[in-house]
Each structure stands twice: as structure tokens, then as C-alpha cells.
Amino acid sequence: MTVVFCDVADSTPLAERLDAESMREVMTRFFREMRAVLERHGGTVEKFIGDAVMAVFGVPLLHEDDALRAVRAAAGMREAVSELNVELGSRWGVELRTRIGVNTGEVVVGDPAAGQALVVGDAVIVAARLEQSATPGEVLLGAETYALVRDSVDVEATAGLELKGVRLPVSAYRLVAVEAGAVSVGGRPDPPLVGRGEELATIRSAFERAVDARGCELLTILGSAGVGKSRLA
């Protein structure tokens with residue numbers, strides 16, 4: 001699963017410049033725009049807290065390209081804030097600057113039906129720490145995320161980051177741009193298919209039976225995300 005953290009840099013001085021009602025309206029507009037971008041790319045907003053947004057890609061619906069979706073969303077959030085600042089500048093004379101961290105890894109997810117949709121794990125912690133380490137306007141990608149999207153993005157490597165609560169320095173990559181028309185590892189056209197002879201024979205046999213009988217055959221393909229189910233189909 002991929003986690004996206006975004007917060008507003010220097011929000012305390014901003015709050016001092018505005019009255020409470022205006023600040024609330026500014027943040028409401030910010031959260032609305034961030035949610036729209038995240039959901040447009042298939043993300044789920046986990047929570048709004050203070051001046052920050054946390055979203056997840058891969059829960060409750062899993063896609064093979066969740067990491068790329070998250071990175072695209074992060075780039076889109078940065079663009080959306082720039083557009084929003086035109087409105088905020090004309091109405092209140094203020095400008096928002098964001099910091100974003102994106103990280104991929106294993107997490108534990110509660111049961112939404114039981115009111116326990118909380119997502120926890122190292123991937124969440126590192127994503128939050130990357131966001132805190134980013135400078136205003138910056139998007140930092142964790143190493144696991146970069147490994148999944150490296151053919152689709154333009155980045156700058158950073159020096160190993162000393163993150164709070166993380167024992168060893170963490171590799172991170174500063175997002176410059178996402179390539180237009182970029183596809184994920186699981187979405188490339190005609191990727192190589194290796195070691196699936198038996199499965200292909202089963203599918204071909206079912207197809208031949210369907211043709212001979214002029215009827216339908218049902219097959220179920222099971223496997224973890226990324227093992228090649230879509231390519232096999």
C-alpha cells in the first residue's frame with residue numbers, strides 16, 4: 001500500500017494573520033481541493049488532522065499501479081494548491097505552501113465495517129516523516145515508492161535523511177515531474193511473461209472447450225498483487 005501525507009507549511013503564522021472564521025474557510029477550501037485530487041486518482045482520504053491530510057492507495061480497493069497513482073496525486077495536489085492560491089490571494093491576501101511525503105510498504109488496516117479503518121505500520125510512519133522533512137513546495141518519495149515508479153518520473157536523489165524514530169538514514173527522492181502518459185510496472189504494454197506455461201495451457205484448453213461446445217468456460221485467477229494476473233488474462 002502507498003501512503004501520502006501532505007500538510008501546510010508555516011500554518012501558524014498564517015493563522016495569526018487571519019481571524020478564526022477566515023482561517024477555517026481557507027482550510028476547508030484546501031481540504032476540499034486535496035480530497036478531489038486524491039480521489040480522482042483512486043486514493044482514499046484516511047483523515048484530516050490540523051493542517052494535514054493523510055491518504056492511502058490500495059485500501060479498500062487495490063490497483064497494480066497504486067504507487068504511480070499516489071505519485072500522480074502528489075504532483076496534482078501541488079498543482080492544485082498553486083491554482084487555489086490565486087483565489088486565496090485575491091480574497092484574503094494569503095498563499096499556501098505544502099510539503100508532501102509518499103511512501104510504500106506493508107501496513108495493518110482495521111475493519112471499516114467495525115469502525116476501525118485505522119491504517120498503521122512503518123510505511124505510514126516513514127511517509128509522515130518524509131513530509132516533515134520536505135521543504136515547502138517539495139514532494140519526497142520513499143525508496144520503495146521510487147522503485148515502483150522510477151521509469152515514469154523525473155526525480156533528484158537526496159542525501160540519506162535522518163528521520164525521527166527511524167534508526168538508519170532513509171533514502172528519498174525529490175519529485176520533479178511525472179512523465180506524461182507514464183504507465184506503472186504492472187501497466188506496461190506487453191511485459192514479459194515468465195514461467196506461466198502450465199497456466200497458459202489451462203486457459204488455452206478452456207478456450208478450446210468453449211469453442212468446441214459453443215458454450216462458456218469459467219476460470220478464476222488467484223494471486224497476490226503484481227504477480228501477473230492481468231498479464232496472464
Side-chain angles (χ1 to χ4, degrees), residues 1-9 27-49 51-87 96-107 109 112 117-119 121 123-124 126-128 130-131 134 136-155 172-189 191 224-226 229-231:
M1 190 192 75
T2 300
V3 183
V4 177
F5 264 97
C6 172
D7 83 337
V8 176
M27 294 308 300
T28 297
R29 289 287 295 113
F30 169 71
F31 288 141
R32 185 181 303 144
E33 292 297 321
M34 298 302 98
R35 178 188 289 276
V37 174
L38 288 161
E39 292 182 348
R40 183 164 64 248
H41 289 278
T44 300
V45 174
E46 172 73 9
K47 60 184 174 181
F48 296 120
I49 179 169
D51 60 0
V53 183
M54 174 188 168
V56 294
F57 288 77
V59 176
L61 185 62
L62 183 68
H63 304 91
E64 290 187 352
D65 61 346
D66 278 320
L68 183 56
R69 286 169 179 261
V71 173
R72 280 184 174 139
M77 292 163 75
R78 186 163 57 182
E79 294 172 3
V81 168
S82 296
E83 295 172 1
L84 178 61
N85 279 333
V86 176
E87 174 191 337
L96 301 182
R97 296 185 298 167
T98 58
R99 304 177 299 185
I100 302 176
V102 185
N103 192 54
T104 302
E106 294 183 353
V107 299
V109 184
L118 182 66
V119 177
V124 178
V126 172
L130 287 173
E131 171 258 302
E138 200 171 61
V139 177
L140 289 182
L141 311 181
E144 293 81 0
T145 300
Y146 176 64
L148 293 170
V149 304
R150 61 186 179 186
D151 294 325
S152 305
V153 297
D154 181 13
V155 301
Y173 300 84
R174 187 177 300 109
L175 179 66
V176 177
V178 181
E179 294 181 5
V183 295
S184 67
V185 171
R188 293 173 183 162
S224 302
K229 298 188 298 299
S230 298
R231 177 61 179 133

S.K.: Determine whether Met77 and Val4 satisfy the following criterion, side-chain contact (heavy atoms from CB on, under 4.5 Å), listing intermediate values before the conclusion.
M.R.: CA-CA 11 Å; Met77 292 163 75; Val4 177; 4.3 Å; yes

S.K.: For Phe5, give me all partners under ring-ring contact (aromatic ring centres under 6.0 Å, His included), at least two apart in sequence or on another chain.
M.R.: none

S.K.: Nearest 0.5 angstrom please: Met1 CE to Asn103 CG, how far?
M.R.: 9.5 Å

S.K.: Can you confirm whether Leu130 sits close enough to Val102 that some side-chain heavy atom of one is under 4.5 Å from a side-chain heavy atom of the other?
M.R.: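 A side-chain contact is absent here, since even the closest heavy-atom pair is not under 4.5 Å.
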
S.K.: Are the side chains of Val81 and Met34 in touch, meaning some heavy atoms are under 4.5 Å apart?
M.R.: yes

S.K.: For Thr98, which residues count as a side-chain hydrogen bond (donor to acceptor under 3.5 Å, both in side chains) partner, sequence neighbours excluded?
M.R.: none

S.K.: Tell me every residue that passes side chain to side chain contact (heavy atoms under 4.5 Å, CB included) with Phe31, counting only those two or more places apart in sequence or in another chain.
M.R.: Met27, Phe48, Val53

S.K.: Considering residues at least two apart in sequence or located in another chain, which fulfil the side chain to side chain contact (heavy atoms under 4.5 Å, CB included) criterion with Arg32?
M.R.: Thr28, Arg29

S.K.: With sequence neighbours excluded, tell me which residues meet side chain to side chain contact (heavy atoms under 4.5 Å, CB included) with Arg69.
M.R.: Phe57, His63, Asp65, Asp66

S.K.: Which heavy-atom pair separates Leu175 from Ala75 by the least distance, and what is that distance?
M.R.: CD2-CB, 4.2 Å

S.K.: Thr145 side chain to Thr104 main-chain N or O, any donor-acceptor pair under 3.5 Å?
M.R.: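 Checked: pair present.
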
S.K.: Could you go through the side-chain contact (heavy atoms from CB on, under 4.5 Å) check for Val124 and Glu46 one step at a time?
M.R.: CA-CA 11 Å; Val124 178; Glu46 172 73 9; over 6 Å; no

S.K.: What residues, two or more places apart in sequence or in another chain, satisfy side-chain hydrogen bond (donor to acceptor under 3.5 Å, both in side chains) together with Arg35?
M.R.: Glu39

S.K.: Which heavy atom of Ala67 sits nearest a heavy atom of Val149, and at what distance?
M.R.: C-CG1, 3.8 Å

S.K.: List the atom of Val139, the atom of Ala74, and the distance in Å for their closest heavy-atom pair.
M.R.: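 Heavy-atom minimum between the residues: CG1-CB, 3.9 Å.
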
S.K.: Provide the closest heavy-atom pair for Asp51 versus Phe30 in the form atom of the first, atom of the second, distance.
M.R.: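 Heavy atoms only, the tightest pair is O-CE2, 4.0 Å.
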
S.K.: Which residues satisfy the salt bridge (charged side-chain N to carboxylate O under 4.0 Å, His left out) test with Arg174, sequence neighbours excluded?
M.R.: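 With sequence neighbours excluded, Arg174 shows a salt bridge (charged side-chain N to carboxylate O under 4.0 Å, His left out) to Glu138, Glu156, given in chain and number order.
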
S.K.: Taking the side chain as C-beta and beyond, is there a heavy-atom pair between Glu33 and Val37 under 4.5 Å?
M.R.: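 No - every pair of side-chain heavy atoms lies 4.5 Å or more apart.
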
S.K.: Got a sec, which residues hit side chain to side chain contact (heavy atoms under 4.5 Å, CB included) with Arg99, two or more places apart in sequence or on another chain?
M.R.: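 With neighbours one apart ignored, the set is Asp7, Ala9, Glu131, Ala134.
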
